[in-house]
Amino acid sequence: GYKYGVHFETYKAVLFKETYSDLAPDNINFVLTGPVSISNISIAGGNNITFKKISGETDNNGSVRISLNDNSRYVEIDIEKTGNSFMLQD
């Protein structure tokens, strides 16, 4: 099996296998369009969260915010070291 992760940018989230590389053919890109963006990326080690095989745990815990560009509404996603995630809604 592989370990998987998510890479975050302002207008894109990328599901990746093993290690993030922008040009990896296995990447699955989720491009945000319209008035939505990702901000407040606060992840241990940068913009990537990598989950360990089998346990799903991560050393890259942290949070990201997905919001309307005018910040009138948002969802905060918190990722714990256990790999569990929680959404806090405005």
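Bear in mind the structure is a predicted one, so any value in this text is a computation, not a measurement.
Looking at residues two or more places apart in sequence or on another chain, you find a side-chain contact (heavy atoms from CB on, under 4.5 Å) between T82 and E80, N84. Every residue two or more places apart in sequence or in another chain was checked for a side-chain hydrogen bond (donor to acceptor under 3.5 Å, both in side chains) with N40, and none qualifies. By the side-chain contact (heavy atoms from CB on, under 4.5 Å) test, K17 is found to be paired with Y2, Y4, D26, residues two or more places apart in sequence or in another chain being considered. For A44, the side-chain contact (heavy atoms from CB on, under 4.5 Å) partners at least two apart in sequence or on another chain are N61.
Within the structure, ring-ring contact (aromatic ring centres under 6.0 Å, His included) contacts touching residues 47-89 (residues at least two apart or in different chains) do not occur. Note on residues 11-32: pairs passing ring-ring contact (aromatic ring centres under 6.0 Å, His included), not counting sequence neighbours, are H7-Y20, F16-Y20.
When side chains are defined from C-beta on, I79 counts as touching I49, because their heavy atoms get closer than 4.5 Å. At a threshold of 4.5 Å between non-hydrogen side-chain atoms, the residues K52 and K3 do not count as touching.
Checked by atom type and distance alone, the side chain of S37 never pairs as donor or acceptor with a backbone atom of N69 at under 3.5 Å. With N60 contributing its side chain and I43 its backbone, the two residues share no donor-acceptor pair below 3.5 Å. Formation of a donor-acceptor pair under 3.5 Å by the N27 side chain with backbone atoms of N29 is not found in this model.
Linking Ile, Leu, Val, Met, Phe, Trp and Tyr residues whenever their side-chain heavy atoms come within less than 4.5 Å leaves V14 and I66 in two separate clusters. Both I41 and M87 are assigned to one and the same hydrophobic cluster, defined by single-linkage of ILVMFWY side chains at heavy-atom distances under 4.5 Å.
At a threshold of 4.0 Å, the pair K12-D22 counts as salt-bridged, since one of the basic side-chain nitrogens sits closer than that to a carboxylate oxygen.
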